[in-house]
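Below you'll find the structure, written out as structure tokens, and then a few comments.
Since the structure is predicted, the reported quantities are computational estimates derived from the model, not experimental observations. Note on naming: letters A, B, ... go to the chains in the order of the sequence lines (proteins, then strands), and numbering restarts at 1 for each one.
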Protein chains: 2
Amino acid sequence: MNDRHRRGDLRRAMIEAAVAALDEVGPAALSLRDVSKRVGVSHAAPAHHFRDKAGLLTAVAAEGYERFVDELERAWSETGDFTEVGVAYVRFAIEHHVHFEVMFRIERLHPDDPALERARERSRRLLCAALHGGSDGTRRGLAAWSLVHGFAVLLLAGNLDGEVAADPEGAVREIVARLEALRGPGLAG
Amino acid sequence: MNDRHRRGDLRRAMIEAAVAALDEVGPAALSLRDVSKRVGVSHAAPAHHFRDKAGLLTAVAAEGYERFVDELERAWSETGDFTEVGVAYVRFAIEHHVHFEVMFRIERLHPDDPALERARERSRRLLCAALHGGSDGTRRGLAAWSLVHGFAVLLLAGNLDGEVAADPEGAVREIVARLEALRGPGLAG
DNA sequence: GCCATATCTTGACATTGTCTAGATTGGAGT
DNA sequence: ACTCCAATCTAGACAATGTCAAGATATGGC
């Protein structure tokens, strides 16, 4: 009936409309029926592509992880700089805050979705490679990951005030550099 | 009709039952009617104490902030150690993970609730006092806050694997010590 | 050209948050 | 002790939502 969609098109359209809706009403108030209405299909249409609401969110999260890794990989390969990966992490959280929020809202995702698991595994491997390199291994990576993730989460939640919120990349560059300083000359890090 | 509750008792009972429910079914699946059923009152009873569902969650969050500040204050006054405040931060997130999650799920809270604002302000002041002290001021506090918060969030979301998850306090002590090391001898800062 | 399958629609149902109106209660004032 | 008022709770209703079942339509392989 609906001639606006070719085969496999509805899935994409639903994901994009979901992102738009999440941006407008927030993740708590997302309605499947509303997203269906935005796309112009019946309320039960998405059930065949995503099993349930969690399925749609899972698809958004998986897409988010893919783009996330793409951006981090680019930052890593272009600069080779540990700090810039952290900056890219935060930049992604800001520019794609909808995806970012869904990615870590695990209680509303299908935990064993293959696409999500693949994307998540890709992300995990990249973070290991980019962050865990160095003499003291996992602890340094853990600290860096916690640092940038915490910064991103606090920023998105509105817990960071004016000066920092105005130039988040600058701020994150400074605080990641704190960790990096430990590896500089004068300290056996 | 219900003789199990005296005046002002239902409010407390609802909050406690809400925490129990949140612990069982998760924050996304919390149902007001279910909490009312647990307490043994009609489904519309809580409306007079908390305006709506967000009102109940706001009360849980406010209570969480109060306990949160209590624990951080205790850690700070007992040890005077910067690192131990961070450890207490993460310990609270683990032991009171329900409260912690609700506290930072801002889109489902009443942003201008006076009790919540008071508790949040108390928390903000304490974090400033405990973390922002030192020669380089806010940046150091920002780094520390991001670090412990990110660690806590990643841990609760299940993103941290075995070794770290087995002894989170030890892990957080190590990574907070990283920041602290910057203030040690040999580095001006 | 025909059939199986994928895709979509329609209708239904239980659950949920919230609103309204009415019942009950507890306590202050007289 | 009685009355009255406000706080508190119940019962019922309503719209919105997620999900399921059954049927319609289209699409692509043979």
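Taking the six-membered ring for Trp and thresholds of 30 and 60 degrees, B:Tyr89 and B:His149 have ring planes more than 60 degrees apart, a perpendicular arrangement.
Closest to the side chain of A:Leu32, from the set C:dT9, D:dC9, D:dT19, is D:dT19. Side-chain atoms of A:Ser31 lie closest to D:dT17 of the nucleotides D:dT17, D:dT10, C:dT9. Of the candidates D:dT8, C:dT9, D:dT19, the closest approach to any side-chain atom of A:Lys53 belongs to D:dT19. In this structure, the nucleotide among C:dT7, C:dA12, C:dT18 sitting nearest to the side chain of B:Asp52 is C:dT18.
For the pair B:Arg122 and B:Glu73, the salt-bridge criterion is met [side-chain N within less than 4.0 Å of a carboxylate O]. A salt bridge is defined here as a Lys NZ or Arg NE, NH1 or NH2 lying under 4.0 Å from an Asp or Glu carboxylate O, and A:Arg91 with A:Glu71 fails to meet this definition.
In this structure, A:His49 atom NE2 and C:dT9 atom C1' are separated by 13 Å, rounded to whole Å. What separates NE2 of A:His110 from C1' of D:dT19 is a distance of 12 Å, to the nearest Å. At whole-Å resolution of the value, CG in B:Asp9 and P in C:dG26 are 13 Å apart. B:Lys37 places its NZ atom 18 Å from the P atom of D:dC9, with the value rounded to the nearest Å. The interatomic distance linking B:Arg51 (CZ) with D:dA7 (P) rounds to 17 Å, in whole Å. As rounded to whole Å, 12 Å separates atom C1' of C:dT16 from atom CZ of B:Arg108. What separates NE2 of A:His43 from C1' of D:dT17 is a distance of 10 Å, to the nearest Å. Atom pair A:Leu57:CG and D:dT17:P shows a separation of 15 Å (rounding to whole Å applied).
Positionally, the nearest nucleotide of DNA chain C for A:Ser42 lies more toward the 5' end than for the other of A:Arg33 and A:Ser42. If A:His48 and A:Ala44 are placed on DNA chain C by their nearest nucleotide, the residue sitting closer to the 5' end is A:His48.
Within a 6.0 Å radius of CD in A:Glu121, more than 12 heavy atoms belonging to other residues, nucleotides or ligands are found.
Backbone-only contact: B:Leu30 has heavy atoms under 4.0 Å from sugar-phosphate atoms and none from a base.
Within the cation-pi definition used here (under 6.0 Å to the ring centroid, within 45° of the axis), B:Arg105 does not qualify as a partner of B:Phe100.
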